[in-house]
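Just below is one structure, and these are the notes that go with it.
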Number of protein chains: 2
Amino acid sequence: MTDHEPLELERFLPYRLSILSNRVSQAIAREYQERFDLSMTEWRVIAVLARFDGEGLSAREVAERTEMDKVAVSRALARLVTAKRVVRRTHDGDKRRSVLLLSAKGWKIHDTVAPLAREYERALLARLDEEERRTLERVLDKLAPV
Amino acid sequence: MTDHEPLELERFLPYRLSILSNRVSQAIAREYQERFDLSMTEWRVIAVLARFDGEGLSAREVAERTEMDKVAVSRALARLVTAKRVVRRTHDGDKRRSVLLLSAKGWKIHDTVAPLAREYERALLARLDEEERRTLERVLDKLAPV
DNA sequence: TAAGATTAGTTTCATATGAAACTACAAGCA
DNA sequence: TGCTTGTAGTTTCATATGAAACTAATCTTA
């Protein structure tokens with residue numbers, strides 16, 4: 001029989017990252033999905049608009065900062081604007097650009113979901129000791145620029 | 001102005017995992033997608049069938065070992081069987097169950113893609129020092145049971 | 001052993017996704 | 001100014017996905 005050197009999927013880093021990432025994301029997403037009928041894309045848009053509050057980001061800037069596809073952002077924004085969670089104006093000097101801001105409704109969602117998310121992250125990290133957390137941080141930074 | 005405690009998305013562990021995982025998976029997937037018209041799901045099925053060679057896994061077992069949806073596996077198998085990359089028989093004692101084996105074609109793909117995948121992983125891990133690799137290993141195990 | 005409960009696998013249906021085409025506007029330049 | 005090129009954002013289209021319904025076979029138990 002030939003030597004096929006099978007890949008051990010469950011030890012393979014990209015695979016493990018994929019499984020872990022899906023589980024972790026799903027765990028939080030389920031929560032806000034149910035409570036607010038909010039997709040992950042929409043939540044990320046809200047998070048970024050909250051973070052850069054007052055700057056009136058454009059859709060393109062939101063896409064950059066969320067690392068999401070501009071189509072995905074466009075669709076998420078369409079829903080968020082319809083639900084009056086985000087206010088969309090047009091940029092003064094450039095009529096192509098939109099100017100995006102969270103509405104009171106949007107802020108309310110943010111202020112509910114953000115603590116949930118942080119708490120979930122805290123619980124995850126609590127499984128690690130101080131040194132592991134520091135190293136994880138470093139490792140993620142080193143691996144990031146794929 | 002109220003204190004909204006915005007979430008720093010780019011420091012948020014679930015988000016970072018998601019971005020990293022997508023990039024890493026995409027990087028390898030692009031390669032076998034182009035060369036073999038093989039989806040990630042299909043590749044995972046092949047990897048598992050190679051790994052448990054000779055055991056004649058059923059579709060359900062493949063789904064378990066890849067942690068994928070049974071629908072996804074069913075569809076991946078349909079394509080793989082059509083392309084004659086996988087041979088599907090029926091289980092002797094249980095006519096519901098399928099018995100799945102890689103064909104010569106399937107093995108050929110495996111034997112090309114597996115080294116590519118391993119090399120990619122190696123290159124990724126080469127960015128880390130020995131201690132970081134050990135810790136990453138441990139951390140992934142600790143975080144896994146979400 | 002016949003009826004109901006389970007299991008393996010597929011199909012359907014509704015939604016998610018991304019690439020490419022498109023629309024509207026802006027900028028560069030002859 | 002008019003023409004070309006570039007950019008912001010949306011729409012279209014083809015494919016991917018997952019939940020739930022479905023089919024066929026097996027198991028359970030009265």
Side-chain angles (χ1 to χ4, degrees), chain A residues 18-19 21-23 25-27 29-30 32-34 36-45 48-49 55-83 86-101, chain B residues 18-19 21-23 25-27 29-30 32-34 37-45 48-49 52 55-83 86-101:
Chain A
S18 164
I19 299 292
S21 158
N22 284 343
R23 284 195 195 162
S25 289
Q26 265 314 104
R30 215 185 330 274
Y32 56 69
Q33 211 108 54
E34 297 229 320
F36 299 105
D37 182 31
L38 195 70
S39 73
M40 197 171 78
T41 345
E42 291 167 69
W43 162 242
R44 285 182 180 173
V45 170
V48 163
L49 290 182
E55 301 192 23
L57 297 186
S58 70
R60 189 185 55 71
E61 289 169 319
V62 170
E64 268 173 17
R65 282 162 177 67
T66 51
E67 299 226 25
M68 297 191 309
D69 193 277
K70 66 173 180 166
V71 178
V73 170
S74 169
R75 286 197 263 242
L77 280 170
R79 282 203 78 208
L80 289 170
V81 169
T82 302
V86 167
V87 178
R88 171 158 50 189
R89 303 211 200 98
T90 299
H91 190 277
D92 272 358
D94 185 344
K95 279 178 229 165
R96 290 170 307 179
R97 228 179 291 177
S98 51
V99 175
L100 301 162
L101 293 167
Chain B
S18 163
I19 299 292
S21 159
N22 284 344
R23 284 195 195 161
S25 290
Q26 264 315 104
R30 216 187 329 274
Y32 55 70
Q33 210 108 54
E34 296 229 321
D37 184 29
L38 194 71
S39 73
M40 197 170 79
T41 344
E42 290 167 71
W43 162 243
R44 285 182 181 173
V45 169
V48 163
L49 291 181
F52 299 93
E55 302 192 23
L57 297 185
S58 68
R60 190 186 54 73
E61 289 168 319
V62 171
E64 268 171 18
R65 282 162 177 68
T66 51
E67 299 226 25
M68 295 191 312
D69 193 278
K70 66 174 181 168
V71 178
V73 170
S74 169
R75 286 197 263 241
L77 280 169
R79 282 202 77 206
L80 290 169
V81 169
T82 302
V86 167
V87 178
R88 172 158 50 190
R89 303 211 200 98
T90 299
H91 191 276
D92 272 357
D94 185 343
K95 282 178 228 162
R96 290 169 308 178
R97 229 178 290 177
S98 49
V99 175
L100 302 162
L101 293 167

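Letters go in sequence order (proteins before strands), and every chain restarts at 1.
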Next on the checklist: If you go through the side-chain atoms of A/Arg96, does one of them form a donor-acceptor pair with the base of D/dT7 closer than 3.5 Å?
Outcome noted: yes
Checklist entry - Rounded to the Å, how far apart are B/Leu77 CG and D/dT17 C1'? => result 16 Å
Checklist outcome for this item: When rounded to whole Å, the CZ to P distance for the pair A/Arg44 and C/dT17 reads 10 Å
Next on the checklist: Distance criterion of 3.5 Å, no angle test: do you see the side chain of A/Arg88 paired donor-to-acceptor with the base of D/dG9?
Outcome noted: no
Next on the checklist: Rounded to whole Å, please give me the gap between CD in B/Glu34 and P in C/dA19.
Outcome noted: 12 Å
Item to check | Pair B/Arg60 + B/Glu64, salt bridge at N-O below 4.0 Å | outcome: yes
Item to check | Atom pair distance, as rounded to whole Å: CD in A/Glu42 and C1' in C/dT17 | outcome: 14 Å
Checklist entry - Quick one: B/Asp69 CG to C/dG9 C1', roughly how many Å, whole number? => result 12 Å
Next on the checklist: Whether the side chain of A/Ser74 engages the backbone of A/Lys70 through a donor-acceptor N/O pair (distance < 3.5 Å, no angle test) should be reported.
Outcome noted: no
Item to check | Heavy-atom donor-acceptor pair, B/Arg75 side-chain to C/dG9 base, under 3.5 Å | outcome: no
Item to check | 5' precedence on DNA chain D between A/Asp94 and A/Val71 (nearest-nucleotide basis) | outcome: A/Asp94
Checklist entry - Given atom NZ of B/Lys70 and atom C1' of C/dA8, what is their separation to the nearest angstrom? => result 7 Å
Checklist entry - Is any side-chain N of the basic residue among A/Glu67 and B/Arg23 closer than 4.0 Å to the acidic one's carboxylate O? => result yes
Checklist entry - Salt bridge or not for A/Asp37 and A/Arg79, using N-O below 4.0 Å? => result yes
Checklist entry - More 5' along DNA chain C: A/Lys95 or A/Ser39, using each one's nearest nucleotide? => result A/Ser39
Checklist entry - How do A/Ala72 and A/Asp92 order along DNA chain C: which one's closest nucleotide is nearer the 5' end? => result A/Ala72
Next on the checklist: Rounded to whole Å, how long is the line connecting atom CE of B/Met68 with atom P of D/dG18?
Outcome noted: 10 Å
Next on the checklist: Within the 3.5 Å criterion, strictly below it, is a donor on A/Ser18 or B/Arg44 matched to an acceptor on the partner's side chain?
Outcome noted: yes
Checklist entry - Should A/Ser74 be listed as having a side-chain N or O under 4.0 Å from OP1 or OP2 of D/dG9? => result no
Checklist entry - Please give, in whole Å, the distance from C/dT6 C1' to B/Arg60 CZ? => result 12 Å
